[in-house]
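Step one of this worksheet: look at the structure below.
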Amino acid sequence: QEWKNTFATWDPQDFCNISKVVLPTDTYWSPPIFILERVNGQNSNLDYMAVMHNGSFNATQPFQVTLTCSLIILKFPFDTQTCNLSIASFLHPAVEDLVMKTRRTPAEMMKDSQSYFLTDGEWKFTNLSIIEYTEGLDNGQFSVVTYVISMERRPTLYVLNLILPTCALYLLDMAVLFGPISLEEKINFQIAIILGSSMLAVILNNILPTSSNKPPVIGTH
């Protein structure tokens, strides 16, 4: 966060050329901001901010949060999800007191986010866009900055553990059904295939994300 306070300025030449000091965050006023989609989180212990001689304040406070996000899993496991992270301050009207702006462009934020996102897990960070707007609430207009985050699921694990075995079972079923073998052997093969399909159905039920809207296509076939 960066902001200016015209009442906290000084001439460095009058104070041994000191142009920057670090103070606790409760020493001066700081903008109270909220993450609208936040469910819970853990704040850091970096309760300090840097004050420049021209009245510029700079506060960095990393923290980890859990956000709510509406998932569309119709194309699971080849789906792409978009989640919002909205930062606002509903204690100060945007027009009168506080207007929030982003310091860096979406391209710069995208580059930084990719460098921070070091995990090679299920999701792949694909895009980041920024929207600045004002939100009306209780006869007031408040400044909001929304980061739109796009994540793409890596489907390799699901293809190897679910889709390929399912296709193999269906191909084996067709081969046994139309193959030149006896009826007794066909029945035995069919029972084995049904048991294998049941096991895959149990695995599919455990790994499919829950959804109250449209279920995944892979779960309806």
Counting N and O atoms only, with roles assigned by atom type, does the side chain of [X] sit under 3.5 Å from a partner on the main chain of [Y], one being a donor and the other an acceptor?
X: T134; Y: Q141; answer: no
X: R154; Y: W123; answer: yes
X: W10; Y: I18; answer: yes
X: S89; Y: I33; answer: no
X: T126; Y: S150; answer: yes

Would you check, one step at a time, whether the test side-chain hydrogen bond (donor to acceptor under 3.5 Å, both in side chains) holds for Y48 with T25?
CA-CA 5 Å; Y48 294 91; T25 53; over 6 Å; no
Working to the nearest 0.5 Å, report the span between [atom1] of [X] and [atom2] of [Y].
X: F7; Y: W29; atom1: CZ; atom2: CH2; value: 12.5 Å
X: R38; Y: L85; atom1: CZ; atom2: CG; value: 10.5 Å
X: T80; Y: K124; atom1: OG1; atom2: NZ; value: 10.0 Å
X: L36; Y: T146; atom1: CG; atom2: OG1; value: 7.0 Å
X: I87; Y: T102; atom1: CD1; atom2: OG1; value: 10.0 Å
X: D26; Y: D47; atom1: CG; atom2: CG; value: 8.0 Å

Are more than 12 heavy atoms, taken from residues, nucleotides or ligands other than L91, located less than 6.0 Å from that residue's CG atom?
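Count over threshold, so yes.
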Could you report the tightest heavy-atom contact between [X] and [Y], atom names first, then the distance?
X: P24; Y: M49; answer: O-CE, 3.7 Å
X: S56; Y: K4; answer: CA-CG, 4.0 Å
X: T9; Y: N5; answer: CG2-O, 4.0 Å
X: Q81; Y: S70; answer: OE1-O, 4.2 Å
X: L98; Y: S143; answer: O-CB, 3.9 Å
X: L128; Y: M109; answer: CD2-CB, 3.5 Å

Does any pair with a residue in residues 125-134 pass salt bridge (Lys or Arg N to Asp or Glu O under 4.0 Å), and if so which ones, sequence neighbours excluded?
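Checked against salt bridge (Lys or Arg N to Asp or Glu O under 4.0 Å) - neighbours excluded - the pairs reaching residues 125-134 are K101-E132.
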Would [X] and [Y] show up in the same hydrophobic cluster when neighbours are defined by side-chain heavy atoms closer than 4.5 Å?
X: F15; Y: V21; result: yes
X: V99; Y: I131; result: no
X: V39; Y: L71; result: no
X: V65; Y: M151; result: yes
X: I130; Y: F125; result: yes

A side-chain contact here means heavy atoms from C-beta on lying under 4.5 Å apart; do [X] and [Y] qualify?
X: M100; Y: V144; result: no
X: I35; Y: Y147; result: no
X: P31; Y: Q1; result: yes
X: I72; Y: D79; result: no

Verdict with reasoning, R153 to F76, per side-chain contact (heavy atoms from CB on, under 4.5 Å)
CA-CA 8 Å; R153 193 190 303 269; F76 175 88; 3.5 Å; yes
Check step by step if side-chain contact (heavy atoms from CB on, under 4.5 Å) holds for N84 and E37.
CA-CA 8 Å; N84 294 341; E37 296 85 3; 3.8 Å; yes
With a 3.5 Å cut-off and no angle check, do the side chains of E122 and Y158 form a donor-acceptor pair?
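Side-chain D/A pair, E122 to Y158: present.
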Hydrogens and angles aside, do N40 and T66 bring a side-chain donor and acceptor to less than 3.5 Å of each other?
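The answer is yes; a qualifying pair exists.
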Per the disulfide (SG to SG under 2.5 Å) rule, what does the pair list look like for residues 79-113, sequence neighbours excluded?
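Output for this query lists C69-C83.
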Do F57 and Y28 have their ring centres less than 6.0 Å from each other?
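Ring-ring flag for F57/Y28: true, centres closer than 6.0 Å.
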Check against side-chain contact (heavy atoms from CB on, under 4.5 Å), H53 and K20
CA-CA 6 Å; H53 67 93; K20 175 183 176 181; over 6 Å; no
